[in-house]
Each structure stands twice: as structure tokens, then as C-alpha cells.
Amino acid sequence: MTEERLMDKIIDVCKRRGFVSPTAEIYGGAGGFFDYGPLGTLMRQKIIELWRQSFVLDEDMVFEISGSTLLPESVFQASGHLESFDDPLVQCAKCNSMYRADDIIKRNTGESAEGLPIAELDKKFKENEIKCPNCQGELGNIRQFNLMFKTEIGSTGGINGYLRPETAQNIFINFKRLAGFMRNKLPFGIAQFGSSFRNEISPRSFLIRGREFEQMEIEMFYDPEKENEHPRWEEVADIEINIVTREMQEKGWKKPLTITAEEAVNKKHVPNQYLAYYLALETEMFLVLGVKAEDFWFRHMQDHEAPHYSAGNYDLEANLSIGHMEIVGNALRTDYDLLKHAKASKSNYEIVVDEKKILPHVCEPSLGVGRILYTVLEKCYREDDRGWTWFQFPPAVAPLEVAVFPLMKKDGLAEFAHDVHTELKEAGYLSFYDESGKIGKRYARADEVGIPFCVTIDYDSLKEYTVTIRDRDTMEQIKLPLEDLEVALGELMEGDSDFQEFIDYANEK
RNA sequence: ACGCUAAUAGUCUAGUGGCAGGACUUCGCCCUUCCAAGGCGGGAACCCGGGUUCAAAUCCCGGUUAGCGUACCA
């Protein structure tokens, strides 16, 4: 199995079985946009709920908001996105090398050309007879590459608007109201889930780089002088996290360093408790999602890799078939954004702490929904030598949790089975009913989309009110009274007992 | 973004300047008392737009999408 083929296989299942498909497929598609199908939507929902539960609802000082995806230009003027997202690029006609036009002028003339309009830049190119620094070939026309989607607000095009390139800005521009809601006490966090948009030059790699993508973010505001006084630190201090330090990167690392969150902060591998806290939560979330500890780590990004607002990024990278991919960004944004917006809007963003006015610092875990979903798909994908494939999803992310089958359609088995299916749905399970064809094929179909458990109704069910639960991962079966089914499934789903224990227990009975 | 390659049912694929074929999937019926493999039948495709031609799914041009390379990437 070549590595690139794994992604192809996953894309194939995704399209066939209703996980994800390209947007506007019948019209040839639109690069970088994807639609979630029925199973993809259920799975995506579970990922969001897992995040919401552990990052928001379990916390006392974190609340979630939902802001507009389209924002006026002034927001991005202040945030710095306009500058750092809007680059004039120029490409060599001969060797295809691409350069920033202002950068290349500076190199040739020594004078800064930053922020000049294209016509001015063009003039400078002609005046100075600038050639390609790589091959001395002719450079093509300068083009503006705007990574933000631009539009106009108002019927007469009064002001420019942009689709947000990250969800974070909604939180910073609402800071004053939000701080007021939190009664101006630190620390507090504001969470947000939603779409962001980047007009990528060339979107590739399926869900890993789309032009519209969903983020689950928190801006955690804290007093920089109390950066190691996280209120819930004790709860995560002992959690082991995988770290790749800058030093390890220089030496050429093979395996990440596995240490507790506590050690990571004490040994300065991670700058403070607020950041380490989220590295620990993310680690736990990924383990629940079925990604093994050896398949992901937090890499301290090099300076040149970090975004313009960041004083240090620790990105969660997953070991995928297409290479090491950034799945989650963890940034220390310090007071960068609050400072910028306070200044540009002439607002006072300071908070009084211990009779001292301070501008809070920000720690930002930013999780990409699509990237996480793809990681789970790839890490749970299984195939055997017959070419059969299935997903070994943990129940926590499985889009469907149980499939109910009659052994055959006749003799009232189908009706009985459908009743059981309805009851399971009423009990809150994501249940799927299937009566077509042979039973073996239905097991296979259920396995392909990763349904952890199948329930079969046979002739004993009619006589003795029993059902059979079949475990996807072992293909083992156990017969039990119908009245115990809901509780049994609950225990299996929660992982309170594994299937073998379950069989042993039932046999003892 | 540029370059190379490609595009035929849901999937995989055959094919030719002259009626588009198969396998699997799917649907219906029959058979079938537990792991995709029986029988019969049905449905379903030449990426989009131009051009050349009596005739284009096939040749040419443009676009779209995908893969790869280079570049870009918060």
C-alpha cells in the first residue's frame, strides 16, 4: 500500500458511504470546498461535542459565543491580517520561482516597497530592470494574492468586508462586553466554533487544506504575572504529553519526548501552565478519538513558522500517510490582538487586577474540525488481504453506534427487529436498521462505516426474547435477554467493559 | 499560481472518428437459521464549453477537477 493511496482509499469510502464529498460535484466541483454527507455530519457533530464538553462545559470560566463570519475591513486592518495576508507576488517566466514583489525590490534597491500599489511596484521593476534572482530570467506580471475572500458590504459598496480567516477576531473585537459579562475577572476563556475562510493558492490533500474550514477555538485570557497559576492545573499536571522541542528539531528528532504536563512546564519545554493545560486536554481528546499516543505530538514551531501574532506556537502534528500534518494550532498570542484593537478602536481594554491595570495575555488552542475528522478516518481505517475495509471507530466518534438486523426478513423477524431498532433510537442510540440481502453482507456493510455493534434478531428472539450482540472488532457474539440490551450497549459504548469481559460475565450468569 | 499527467454508471475498468461493453455496488423478487461468494430481473456513465468533421465520448483549443513537481501556506 503506497502512502498516497491510503488517502485515495479514504476519499473513495467517504464519497461512497456518505461521509464527505466535493462541493458542487455535479458542476465539476470547486477546489477546496467540501460537503459533509449523512455519516460525515454525524461524526463531525460528535467531534464538536467532545470538544465542547471538555473545553467549554466542564469549565467554570469558559463560555462559548458565535460571531459573524463576515467582518468589515477595519477589523483586519487592526489585526494585521490585511498586511500579512495580502502579498503582491511575482513569478519568473523561466524557472517558475515565486517571490514577494516588495521583498525583491528591497533586495535590489535597498528601499522598502511594502504596501505600495501594484502600479508603483511595476514602475520600480521597470526602473531597476529587476530579473529573477535565481536564474536571471524575465519576471512576469505582479499579481495580488489575497488569502482573504473579499466582498462589499451594502448595495452601493460602501465598505469592504472579508470572510474571517480565523474565528478568533470575533472574540477580540467583543472583548469589552465579554470581559464585562465575566465581571472583569481573570482568568476567563471565550470559545467559538465556526467556519473560517482562506483563499488558498492551491488547496490540496482533501480535508487537510480546504478554503472553508471549521475551527473550534478558545481565547483564554489571563494575567501574565500569574501564568503559572492555572486554576485547574492539578487536574492535568500528571497527564503525559508528547513534545518536540526546538533543540530536538535542530538535532534531528526521531521520537518525541514524553513527559507530564508538570515536568514540561518545570523544565521550560512549554512556556506556561495555560498552554500546557490545553496540550493535556488535546492529548486526552485525541486518545478518546482513537488516535494512538505515538501518532501525535506537540512541536514547538520555529520562529519563521509561527503566525504574525504569535510569541510561540505548539502545534499538534499527526503522523499521517501524507506526512506530519498540523492538526491543531496552539498559540501564545500574548496581548498582541487586544493591544491592536484597543489602539485602533480607541477603546480601553485594560482590566483591573489587584488594583493594577493590566492587558490580559491570550493562550489560544485552535482545533481544525476537518483535519481532526480526517485524522480519525485515517487512523481508524483497516483493511485485510481480501481487500475488505472497515473503520475501527471508538464508539465516541462512530457516526452510527448500533445496527439492528433480522436474521431474515420473514416469519416476523423483520418487524421484531425494527421494533428493537426503534426502541434503541428512543433510548438515544444512533441506530441503523438493515434487512436487505444476507446477514453476512449486512455485517460487512456495517463494518465498512465503523458501526461498533450489531444486534441480530433470530428465531430465539421470538421464542425467548433474546438478542445477539456482535462486536465489530472481535466478531464475537453474545446472546442476552432483550430487556438487558440497552444497559449492555451503554456499558459497551462507555468502555466500562470490553466485549470479552462481557461474554465471560454473561456466561457466568 | 505555474508545469506535467489524467478524467467513461456509485466504484473499478474495456473501447473505437459511425448503436458505449463488463465486473462489483445498488434496487426488486426467489433462495438462505449468523459474517460480503446462489438464481432471475431492473436501474445507472463518456467532466464542462467551443472548434474540426457528413459524423466527436474519441482529434484540436479553452476551462474545471484530481494526482505529482515547484511555489505558497497563520
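Below, read A as the first sequence line, B as the second, and so on, with proteins coming before strands; counting in each chain starts at 1. The analysis underlying the following values was restricted to heavy atoms, covering all of them including side chains, and did not include hydrogens, waters or symmetry mates.
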## Note on the structure
In terms of heavy-atom contacts, A:N330 and A:D315 come closest through N-OD1, 3.4 Å
### Task
Take the protein atom CZ of A:R17 and the nucleotide atom P of B:G10, then report the distance between them rounded to whole Å.
16 Å
### Query
Does B:U52 have a Watson-Crick or wobble mate here (both distances under 3.5 Å), and if so which one?
none
### Message
Over all strands shown, is A:K410 touching base, sugar-phosphate only, or nothing at heavy-atom distances under 4.0 angstrom?
### Response
sugar-phosphate
### Task
Pick the P atom in B:U58 and in B:C19, then give their distance to the nearest Å.
14 Å
### Query
Does B:G17 pair with anything, Watson-Crick or G-U wobble, both distances under 3.5 Å, and if so, with which nucleotide?
none
### Task
Using the six-membered ring of A:F453, assess whether NZ or CZ of A:R470 lies under 6.0 Å from its centre and within 45 degrees of the ring axis.
no
### Task
Apply side-chain hydrogen bond (donor to acceptor under 3.5 Å, both in side chains) to A:Y349 and list each qualifying residue two or more places apart in sequence or on a separate chain.
none
### Query
So what's B:C68 paired with, Watson-Crick or G-U wobble, going by both distances under 3.5 Å?
B:G3
#### Entry: Gap in Å between the two P atoms, one belonging to B:C60 and one to B:C24, rounded
35 Å
### Query
Considering only side-chain heavy atoms of A:S436, which listed nucleotide, B:A71, B:C27, B:C34, is closest?
B:C27
### Query
Which sits closer to the 5' end of RNA chain B, A:E25 or A:E476, going by the nucleotide each is nearest to?
A:E25
### Partner nucleotide, any strand, of B:A23 [Watson-Crick/G-U, under 3.5 Å]
B:U11
### Message
By nearest atom, which of the nucleotides B:U11, B:U33, B:C35 is closest to the A:D12 side chain?
### Response
B:U11
### Message
Does B:C31 have OP1 or OP2 under 4.0 Å away from a side-chain N or O of A:K409?
### Response
no
### Pair listing, salt bridge (Lys or Arg N to Asp or Glu O under 4.0 Å) test, anchored in residues 400-416 of chain A, at least two apart
A:K46-A:E401
### Task
Determine whether any donor atom in the side chain of A:Y443 lies under 3.5 Å from an acceptor atom in the base of B:C34, or the reverse, and answer yes or no.
yes
### Message
If I pick the C1' atom on B:G51 and the same atom on B:A45, what distance separates them, to the nearest angstrom?
### Response
25 Å
### Message
From CG of A:D8 over to C1' of B:A6, roughly how many Å is that when rounded to an integer?
### Response
13 Å
### Query
For RNA chain B, whose closest nucleotide is more 5', that of A:R16 or that of A:D458?
A:R16
### Message
For A:A24 versus A:D35, what's the shortest heavy-atom pair and its separation?
### Response
N-OD2, 4.4 Å
### Query
Could you give the CZ-to-C1' distance, from A:R211 to B:U64, as a whole number of Å?
12 Å
### Task
Taking the six-membered ring for Trp and the single ring otherwise, decide whether the centroids of A:F432 and A:F405 are under 6.0 Å apart.
no
### Task
Quick one: look up who B:C46 pairs with, Watson-Crick or G-U, both distances under 3.5 Å, and put none if it's unpaired.
none
### Pairing partner (Watson-Crick or G-U wobble, both distances under 3.5 angstrom) of B:C29
B:G39
### Task
Using atom CE of A:M408 as one end and atom C1' of B:C29 as the other, report the distance to the nearest whole Å.
16 Å
#### Entry: Any-strand Watson-Crick or G-U partner of B:A57, both distances under 3.5 Å
none
### Task
For atom OH of A:Y459, decide whether the heavy atoms of other residues, nucleotides or ligands shown that lie under 6.0 angstrom number more than 12.
yes
### Task
For nucleotides B:G67 and B:A57, find the distance between their C1' atoms and express it as a whole number of Å.
23 Å
### Query
Within this structure, what is the CD1-to-C1' distance between A:I11 and B:U65, rounded to whole angstrom?
12 Å
### Query
Taking atom C1' of B:C12 as reference, at what distance in whole Å does atom NZ of A:K15 sit?
13 Å
### Query
Whole Å only: how far is the CG atom of A:D434 from the P atom of B:U26?
9 Å
### Task
Pick the C1' atom in B:G63 and in B:A7, then give their distance to the nearest Å.
14 Å
### Task
Could you let me know what B:C34 is paired to, Watson-Crick or G-U wobble, both distances under 3.5 Å, or none if it's on its own?
none
#### Entry: Near-ring test A:F213/A:F197, centroid separation under 6.0 angstrom
no
#### Entry: Output field: ring centroids A:Y314/A:Y278 closer than 6.0 Å
no
### Message
Quick check for you: among B:U33, B:C68, B:C35, whose closest atom lies nearest to any side-chain atom of A:R204?
### Response
B:C68
### Task
Pick the C1' atom in B:C48 and in B:A6, then give their distance to the nearest Å.
16 Å
### Message
Say we look at B:U53 and B:U70: how far apart would their C1' atoms be, to the nearest angstrom?
### Response
40 Å
### Message
Nearest whole Å is fine: how far is B:C27 C1' from A:E435 CD?
### Response
13 Å
### Task
Answer yes or no: side-chain N or O of A:R470 and base N or O of B:C34 forming a donor-acceptor pair under 3.5 Å.
no
### Test side chain to side chain donor-acceptor pair (under 3.5 Å) applied to A:S366 and A:E217, A:Q192, A:E219, the passing residue
A:E217
### Task
Answer with base, sugar-phosphate or nothing: what part of the nucleic acid does A:S310 contact at a heavy-atom distance below 4.0 Å?
nothing
### Query
What is the per-nucleotide protein-contact pattern of nucleotides 36-46 of chain B, from the 5' end, where B denotes a base atom under 4.0 Å from a protein heavy atom, S denotes such proximity for sugar-phosphate atoms only, and - denotes neither?
BSB--------
### Query
Between B:U65 and B:A71, how far is it from one P atom to the other, in whole Å?
22 Å
